[in-house]
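Everything below concerns the one structure shown next.
Numbered from 1 within each chain, the chains take letters A, B, ... in sequence-line order.
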There are 2 protein chains.
Amino acid sequence: MSNLNERKKHILRAVTDDYIDTAEPVGSRTIARRYKLGISSATIRNEMADLEESGYLYQPHTSAGRIPSDKGYRYYVDVLVDPGIPTQDETKKINQLFSHQKEAMEKLVRRSTKLLAELTDYISVAVIPEHQNSTFRHLQLVSLDPYNVLAILVVDPGIVENKIFVTEKPFLPGELERISAHLNKKLRGLKVEDLSRTILAEIRDSSPMTRDLLEALLELIDESLADTDDEMLICDGVIHILDQPEFQDIDKTKLVLSMIENRQSLANILLDFSSSSGVQVSIGEENLRPELKEMSLVTATYYRGGHSVGTIGVLGPTRMSYGRVIRLVEEISFVLSEVLESF
Amino acid sequence: MSNLNERKKHILRAVTDDYIDTAEPVGSRTIARRYKLGISSATIRNEMADLEESGYLYQPHTSAGRIPSDKGYRYYVDVLVDPGIPTQDETKKINQLFSHQKEAMEKLVRRSTKLLAELTDYISVAVIPEHQNSTFRHLQLVSLDPYNVLAILVVDPGIVENKIFVTEKPFLPGELERISAHLNKKLRGLKVEDLSRTILAEIRDSSPMTRDLLEALLELIDESLADTDDEMLICDGVIHILDQPEFQDIDKTKLVLSMIENRQSLANILLDFSSSSGVQVSIGEENLRPELKEMSLVTATYYRGGHSVGTIGVLGPTRMSYGRVIRLVEEISFVLSEVLESF
DNA sequence: TTTAGCACTCACTTCGACTGAGTGCTAACA
DNA sequence: TGTTAGCACTCAGTCGAAGTGAGTGCTAAA
């Protein structure tokens, strides 16, 4: 597989770099002129014919230049590309982002995603942690008026859910505080997924007075577990896709955009990568979903306490600036993990 | 202005309806065939020439059918269109939306916006209330670990902000609760905009131990006030714009999408309407921003306690299905206001 | 093994002819 | 006097032929 001689490597790299830049099929003369490889266009032509033979390049039509195939991009990513180190500007922006006062995890990931989109000029996506692995931290009941209660549920890595209840009977002042305190004692440290059962037990022992409320809480927890399904995908920089010449075709674009609007499916795609470590690159046809067959996805998992809690990444055309993207996804997921560690 | 005879009104309505349907210039024969006005195409031709003369219609080129001008749409909206009453399906969906357990305001508006986009097939936008008019309800400090404190700020119509602090010195157990309780007593019912000053005064009277924390809280409040600037625009159904034939041109589309991505400017546009009551329609050139010159915006304000708290609306091409959109914006803003009232 | 030269390919552009939906005008009709 | 039928005219859009140029593969010479 890696049996390309140095000259072929140089040429494949040149073709790929050029195509990433220009989005135009790259001809032998262009390579000879633009990249000082010390060989003539005719030689390059021969080498390119070989590279096509072995599937790294292809021609969109007989008399056109070459374009890297998915296999070509794969080789480029695995062997040829050097992500390099973040530029000064990149480092500065990343540090700025994380030097802010700490925020609850959701906002933090949201901002990371925004920055990633801004730095790469592609679409940036992230899934925030599922509640599965998180533990109960705190529950607060706030009386809005005698019949309305705001419940705030805080789970482990700074995720906050809230919901308003209407109660049948008004609560006495101080009563909510008592209930909160009681529940907090009972629930502290439990896995979120175990909460329902404990509260159910609680319901059996409770006065009819608080039963309503507990049932409502049960619903909050169920919903907040389910809710993540809805909310856990974060997405930014969708605009950038319109700047890519491969998406001048509005129908192609619509396909991708509707996939993004259907958050759940994209979330699942990202979750497929959440078990692998390091930066993952999935190129074109390597993607299982047909909507992604002409796109590439660069992802990395971020961690907290040694466990992966979510995935962040970049979605763009297969003609993607892999070096830059890989470098940035790597850097941001790394820093994100570091910041989360300190929670 | 309203000096159109009945026949001209019928014709203008027919042309507008048809153009809204088909997005193709409407010819006199089409009108004669499709709408039973009891007159021949030649007569219609004469009337259309008159309507063009007075600026209600125009021809994209000499030998094409007519298209309503902005003035034509304006007349259509003001005089001709009948919003009708919501269909069964619409009513059902709206009731379903609001029959859910109550939620904090932000989620409520988010879901309304989603529904509006779904029902109209256009882009739907909303601004959620600024904090200016809202009052302090509750502040909760939760210790995540000895050095990290999660602060949750609840203000009046169910808006919840949260933030994590790192403190210089660890807090003793129970200390945070004491501070929360103290602040809650002091701050209850204050306008959020007055909070900063009050808290500042508070700092002077407090023990040096809590100074860190108070300063951090001050920052939370400042930020949550500022944060609304960033977050207060909600947007849904952007995809739909790609289904409109007028936005097959990718550059036009890009213009609109980048305006939407620049939330602040769109928020400002909506805020311009927030002082007027009832449904507002702003058509094409009537919009001040050049990006909106080919679009129409239908908005309504929603209320709580007699005060306007936000604006919700629909953004689409000037060739918009005004009747349906006006009806739905009206209905949803009305129901939204009702629900908020009960908070 | 590399390079220069040449014939060939094929997407893209340009241009003219053609088509058809739609108009304005005029004359006839009720 | 208002309405309609008929006709000449306009013009965007489509189709196809010709021309252009970037790029290739092959061959022969260095």
Candidate list V329(B), I332(B), I123(B), T299(B), test side chain to side chain contact (heavy atoms under 4.5 Å, CB included), partner V314(B), passing option: V329(B)
With no hydrogens and no angle check, just 3.5 Å: does a side-chain donor-acceptor pair link [X] and [Y]?
{"X": "S296(B)", "Y": "Y322(B)", "result": "yes"}
{"X": "T113(A)", "Y": "D236(A)", "result": "no"}
{"X": "D17(A)", "Y": "Y35(A)", "result": "no"}

What's the [atom1]-[atom2] distance between [X] and [N], to the nearest Å?
{"X": "I11(B)", "N": "dG2(D)", "atom1": "CD1", "atom2": "P", "value": "15 Å"}
{"X": "E47(A)", "N": "dT2(C)", "atom1": "CD", "atom2": "C1'", "value": "11 Å"}
{"X": "L57(A)", "N": "dT24(D)", "atom1": "CG", "atom2": "P", "value": "11 Å"}
{"X": "I39(B)", "N": "dT4(D)", "atom1": "CD1", "atom2": "P", "value": "7 Å"}
{"X": "L37(B)", "N": "dG2(D)", "atom1": "CG", "atom2": "P", "value": "19 Å"}
{"X": "E53(B)", "N": "dG24(C)", "atom1": "CD", "atom2": "C1'", "value": "13 Å"}
{"X": "Q59(B)", "N": "dC9(D)", "atom1": "CD", "atom2": "P", "value": "18 Å"}
{"X": "K8(A)", "N": "dT1(C)", "atom1": "NZ", "atom2": "C1'", "value": "12 Å"}

dT23(C) phosphate, OP1 or OP2, under 4.0 Å from R66(B) side-chain N/O: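 Answer yes for this pair, as a side-chain N or O of R66(B) is under 4.0 Å from OP1 or OP2.
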N/O (side chain, T43(B)) to phosphate O (OP1/OP2, dT3(D)) under 4.0 Å: no
Short side-chain to backbone donor-acceptor contact, E53(A) and D50(A), under 3.5 Å: no
Heavy-atom donor-acceptor pair, E330(A) side chain to R327(A) backbone, under 3.5 Å: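 Between the backbone of R327(A) and the side chain of E330(A) there is no qualifying donor-acceptor contact (under 3.5 Å).
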Test ring pair (Phe, Tyr, Trp, His ring centres under 6.0 Å) applied to Y56(A) and Y73(A), Y76(A), Y75(A), the passing residue: Y75(A)
Nearest heavy-atom neighbours spanning A64(B) and P60(B): CB-CG, 3.9 Å
Closest non-hydrogen atom pair between K71(B) and G55(B), with its separation: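 Looking at all heavy atoms of both residues, the closest pair is CB-O, 3.6 Å.
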Members of residues 23-33 of chain A that approach DNA chain C, where some heavy atom sits under 4.0 Å away: none
Salt bridge (Lys or Arg N to Asp or Glu O under 4.0 Å) evaluation trace for D70(B) with R74(B): CA-CA 6 Å; D70(B) 288 352; R74(B) 170 52 63 198; over 6 Å; no
Note, I234(B) side chain near V125(B) side chain (heavy atom, < 4.5 Å):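 No, their side chains stay 4.5 Å or more apart.
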Would you tabulate the pairs of protein nitrogen or oxygen atoms and nucleotide nitrogen or oxygen atoms of nucleotides 11-20 of chain D closer than 3.5 angstrom?
from, atom 1, to, atom 2, distance (Å)
dC11(D), OP1, T62(B), OG1, 2.8
dC11(D), O4', S63(B), OG, 2.9
dC11(D), O2, S63(B), OG, 3.4

Pairs under 3.5 angstrom, nitrogen or oxygen only, protein versus nucleotides 5-7 of chain C, please.
from, atom 1, to, atom 2, distance (Å)
dG5(C), O6, R45(A), NH2, 3.3

